[in-house]
Peer 1: 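The structure that follows is given in the form of structure tokens.
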Amino acid sequence: MELSKNYIPSTTEEKWYKHWMDKKYFNSTPDERSPYTVVIPPPNVTGVLHMGHTLNETVQDILVRKARMSGFNACWVPGSDHASIATEAKVVQMLKEKGIDKDTLSREEFLKYAFEWKEKYGGIIYSQIAKLGCSVDWNRTTFTMDDHYYKAVIKVFVDLYNKGLVYRGARMINWDPAAKTALSDEEVEFKDIVGKLYYLKYMLTDNDTEMTDENQESFFNSRLSTANYITIATQRPETIMGDTAICVNPTDERYAHLKGKYAIVPLIYRRIPIIFDEYVDPAFGTGALKVTPAHDINDYNLGLKHNLTVVDTLNEDGTLSEAAQIYVGVERFAARKKILVELKEKGYFIQEEEYPSRLGYSQRSGVVVEPRISTQWFLKMKEMAGPALKAVVDGDIKIHPGEKFLATYKYWLENVKDWCISRQLWWGQQIPAWYDGQGNVFVAETREQAASLKLQALSLQQQNTESLQFEANSLQLSQDADVLDTWFSSWLWPMEVFNGISQPGNKDFDYYYPASVLVTGQDIIFFWVARMIMAGMHYQHVKPFSDVYFTGMVRDKQGRKMSKSLGNSPDLLELIDKYGADSVRFGIMISSPAGNDMLFDEASLEQGRNFTNKLWNALKLVKMWEGRQMSEETKEIVDDHFELSDETKQLFGEIEHLPNETPLDHANLSIAWFANRLQQVRVEVETLYSQFRLNEALKVVYSLIWDDFCSWYLEWVKPGFEQPIEDEVYKRTVRFFEELMQLLHPFMPFITEEIYHLLSEKQDDLCVKQFANIKAANNGVLTEGELLKQVITALRDARNRSQLKPKETIKLFIQSENTGVYKKIESILLKQVNAETIDYVSDTVPGATVVAIEKDKFYMESERKADTEAIKAELLKDLEHQKGFLQSVLKKLQNERFVANAKVEVVVLEQKKQADAEARIKTIKESLANLV
RNA sequence: AGAUCCGUAGCUCAGUUGGUUAGAGUGCUUCCUUGACAUGGAAGAGGUCACCGGUUCGAGUCCGGUCGGGUCUACCA
């Protein structure tokens with residue numbers, strides 16, 4: 001078969017994903033194996049995958065594929081989130097573009113549009129997950145508004161209400177004036193801004209009768225010239241109409257005389273009391289605070305304490321309300337400008353100064369959040385927090401990387417406030433609360449159950465059943481118009497994807513719950529992770545997952561957050577088109593240290609593409625050898641010619657799965673070395689997996705393939721041009737290649753599966769091929785391989801320094817006490833350093849370039865005359881280095897306390913270093929003497 | 001304001017319980033195209049591990065402090 005010049009991902013990827021699907025490898029049903037469960041963090045149903053998702057899904061797929069290949073029944077559940085605010089905003093926008101105003105639609109009409117929208121765009125995210133190669137069980141795809149899921153959410157709400165954990169009340173909440181809904185504390189993002197602080201005059205009066213005079217305005221304005229006022233500082237002059245007090249610190253002597261007096265709000269001339277509270281910091285601003293209970297959380301608390309009236313001067317859309325009396329209907333920031341103008345005109349304005357501060361913005365709509373008093377549903381969090389905190393603190397749930405997030409998690413749970421769970425939206429689970437006309441509320445899963453609750457309530461008052469029946473027909477219950485916060489459904493995710501809430505105790509749920517690992521971004525630790533733990537502990541008394549792996553945030557090259565507005569968020573499908581899914585996975589993983597933010601750079605994807613090309617070309621090389629094995633006759637001749645030494649046989653014996661029938665000496669070492677090297681790396685990779693250090697695991701495998709396999713092993717066993725290869729060497733090489741592909745498969749599933757099948761005819765697939773047990777590596781063989789590499793590199797370096805062209809050959813003379821080692825690798829050495837002959841000498845070779853490695857010396861003779869000066873300089877540099885090294889070793893060894901206190905193996909190591917360094921210095925000195 | 005992480009090669013980062021004169025990728029320099037791969041090969045240069053002090057036979061690693069940067073949390077108008 002003719003293989004293309006470079007690897008072409010597109011056809012391969014489609015072919016194999018379809019094959020895996022046809023074989024149902026990703027589908028999981030309970031069996032006798034241990035489960036390995038992962039639930040996907042459900043992306044927004046109408047969204048697209050961004051780079052953060054890509055990193056996340058890749059990590060999960062690596063873990064899931066690795067588990068599937070390691071004897072586990074791996075089950076990865078995909079799905080999506082209805083994302084109430086985000087989706088509703090998109091639908092509203094879409095309707096607006098069609099010329100339809102949401103307010104003109106009924107709830108049912110709107111939901112019809114929303115579901116159409118979801119059907120149209122909801123599939124995008126799934127196709128992207130498939131493109132990336134994710135091995136999810138598509139039969140288990142779950143949407144947070146699926147029928148069973150919807151019912152589960154309602155069931156939980158009713159249950160928590162009945163337990164007294166859900167309640168309804170008027171509280172200060174975060175209000176989004178654009179989406180016109182309440183938000184939870186977590187949905188508010190604070191940004192640093194430079195605002196302004198305005199200093200305003202409030203007139204003082206001790207008149208305890210309310211001023212109603214038509215002429216009050218001119219009365220106060222005329223008295224402004226006198227000093228009879230108090231100065232306050234505010235950032236929000238548009239809220240002064242909501243002021244219901246001025247507050248000063250009771251210890252502040254400047255204002256002690258104001259006890260019992262009143263201030264007059266400018267422009268509307270409301271008379272408000274001066275109150276005293278420790279809360280006010282005398283050092284800040286003027287030490288006098290205007291109190292606006294309706295529009296500031298602190299003022300609200302002050303208002304509660306001092307029994308102040310609440311004047312809400314804003315409408316739900318952020319315009320000024322009737323209660324503001326002036327500028328009614330004007331948008332809040334426009335009103336601020338107009339009011340400032342009027343304050344200046346009338347003389348109430350003193351000065352303004354720049355003031356750095358933080359402002360809360362809606363995570364979804366991006367507008368400035370308005371603190372607002374509103375009647376909402378809340379979940380008591382204190383009761384939920386305890387077990388969730390314990391599960392993590394006790395180590396039942398392990399967080400990776402741990403130390404970094406434990407403190408944050410703990411602090412949040414210990415200081416958690418009640419969760420506002422109602423949203424003034426239509427897209428979501430409608431709150432199962434029904435109101436009668438008399439201000440009673442009935443919480444139940446269905447209208448019928450709510451009605452029967454009402455009947456029960458009535459029956460307590462009325463014993464007459466006939467009249468009760470009459471009442472039931474005219475109950476006129478109306479359901480709460482609001483829906484629940486999206487996170488109030490997502491927190492059930494690990495349970496309800498297996499119907500654990502709607503059908504508790506079902507077979508799947510018992511088998512798959514709890515999940516093995518949760519992989520998610522650290523930005524939703526409170527939104528989602530903590531709350532899933534709460535729900536899991538509350539309903540199952542069992543953690544929802546054993547490990548949490550936090551991926552870092554994906555940023556651009558300059559370290560900026562990826563965002564649509566910056567245009568620095570690349571399109572995943574374009575990247576896959578350009579580089580292939582394997583390269584995208586490689587690129588994002590290789591530069592992604594666990595838990596740290598990663599800077600995304602397309603260069604790392606190029607590195608991935610180059611890697612796939614390298615793999616492809618290694619395949620081409622090996623395929624060239626196929627069918628070029630030796631004939632039986634040639635093989636006999638060759639085997640006869642090369643008698644195996646006992647040493648080599650011994651070396652071979654260390655690898656139990658190597659054949660008894662052995663090929664050539666050099667291949668002997670090559671195969672033995674690589675077999676051991678492979679085992680060594682497998683041990684390393686296992687450890688890294690268990691520590692979730694996936695990027696390091698990938699680096700190790702990458703280097704094993706590129707450096708050890710391609711650059712060394714393949715070169716060592718490579719036959720001469722158009723020469724045959726030994727049968728056994730060919731088979732071993734194919735086998736190594738297969739094992740490497742298996743090791744790499746979780747990271748780069750497509751190309752590895754392709755190469756696995758191209759290497760030889762196969763019945764099985766890499767996707768489900770089980771890893772063989774790891775064998776212990778033999779250090780002696782590894783050391784021998786390392787020595788060979790070292791010798792080759794040093795000789796090549798010497799060639800370079802002598803400015804020898806690659807084609808120019810050398811004559812090599814080896815002076816060593818242990819020639820046996822080198823005789824074994826002669827054929828490799830010849831090839832790798834382009835020598836025509838190798839001879840063994842017991843003395844120096846005059847006029848040759850000398851290279852010293854450990855205690856051995858290598859003389860290199862060539863046509864070209866050696867540059868003795870350059871070589872001398874090199875040797876002197878090396879000598880200096882060795883001398884310095886020896887000195888530092890001696891310093892330790894001569895220190896009695898070191899010898900006494902350090903571990904024995906450390907001391908032994910130092911002694912060996914000393915001996916090696918001394919021997920090497922001797923060799924270098926001899927070489928230098930030889931030069932003259 | 002509190003918490004927390006970070007500061008190692010030009011750049012992005014590894015460096016696991018302290019123990020070779022500190023590693024990788026990328027970039028850079030030199031050389032190399034009929035022989036799997038120029039999306040490549042061979043080789044090389046490049047670091048006072050932010051700074052100061054302490055513990056120790058021994059510190060990039062542990063402790064304290066300083067400076068610089070990030071992130072999260074918090075009700076100072």
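In the text below, chain A, chain B and the rest are named by the order of the sequence lines, each starting its count at 1.
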Peer 1: Given A43(B), is OP1 or OP2 found less than 4.0 Å from the side-chain N or O atoms of Asn800(A)?
Peer 2: no
Peer 1: According to side-chain contact (heavy atoms from CB on, under 4.5 Å), who are the partners of Glu910(A), at least two apart in sequence or on a separate chain?
Peer 2: Val889(A), Lys892(A), Leu893(A), Phe898(A), Lys913(A)
Peer 1: Go through the structure and list residues passing side-chain hydrogen bond (donor to acceptor under 3.5 Å, both in side chains) with His306(A), not counting sequence neighbours.
Peer 2: Asp277(A)
Peer 1: Does Lys196(A) qualify as a cation-pi partner of Tyr355(A), given the criterion of NZ or CZ under 6.0 Å from the six-membered ring centre and within 45 degrees of its axis?
Peer 2: no
Peer 1: Which pairs pass side chain to side chain donor-acceptor pair (under 3.5 Å) with one or both residues in residues 700-711 of chain A, sequence neighbours excluded?
Peer 2: Gln607(A)-Tyr702(A), Arg677(A)-Asp708(A), Ser703(A)-Asp707(A), Asp708(A)-Lys789(A)
Peer 1: Classify every nucleotide of nucleotides 32-40 of chain B by which part a protein heavy atom approaches to under 4.0 Å, writing B for the base, S for the sugar-phosphate alone and - for neither, in 5'-to-3' order.
Peer 2: S--BBBSBS
Peer 1: Could you work out which one of G19(B), G25(B), A77(B) sits closest to the side chain of Tyr355(A)?
Peer 2: A77(B)
Peer 1: Kindly write out the residues that satisfy side-chain contact (heavy atoms from CB on, under 4.5 Å) with Asn834(A), not counting sequence neighbours, or none if the list is empty.
Peer 2: Arg799(A), Thr809(A)
Peer 1: Going by side-chain hydrogen bond (donor to acceptor under 3.5 Å, both in side chains), name the residues that satisfy it together with Asp582(A), two or more places apart in sequence or in a different chain.
Peer 2: none
Peer 1: Who are the side-chain contact (heavy atoms from CB on, under 4.5 Å) partners of Glu684(A), not counting sequence neighbours?
Peer 2: Val700(A)
Peer 1: Among residues 579-589 of chain A, which contact RNA chain B at a heavy-atom distance under 4.0 Å?
Peer 2: none
Peer 1: Of all the base pairs, Watson-Crick or G-U under 3.5 Å, which form stems of three or more consecutive pairs involving RNA chain B?
Peer 2: B:1-7 with B:67-73, B:10-13 with B:23-26, B:28-32 with B:40-44, B:50-54 with B:62-66
Peer 1: Just to verify, what does Glu602(A) make a side-chain hydrogen bond (donor to acceptor under 3.5 Å, both in side chains) with, not counting sequence neighbours?
Peer 2: Lys578(A), Tyr579(A)
Peer 1: Name all residues meeting the side-chain hydrogen bond (donor to acceptor under 3.5 Å, both in side chains) criterion together with Asp797(A); count only those two or more places apart in sequence or in a different chain, and write none if there are none.
Peer 2: Arg801(A)
Peer 1: Taking side-chain contact (heavy atoms from CB on, under 4.5 Å) as the definition, give me every residue that meets it alongside Phe526(A), ordered by chain and number, with sequence neighbours left out.
Peer 2: Glu186(A), Thr408(A), Trp412(A)
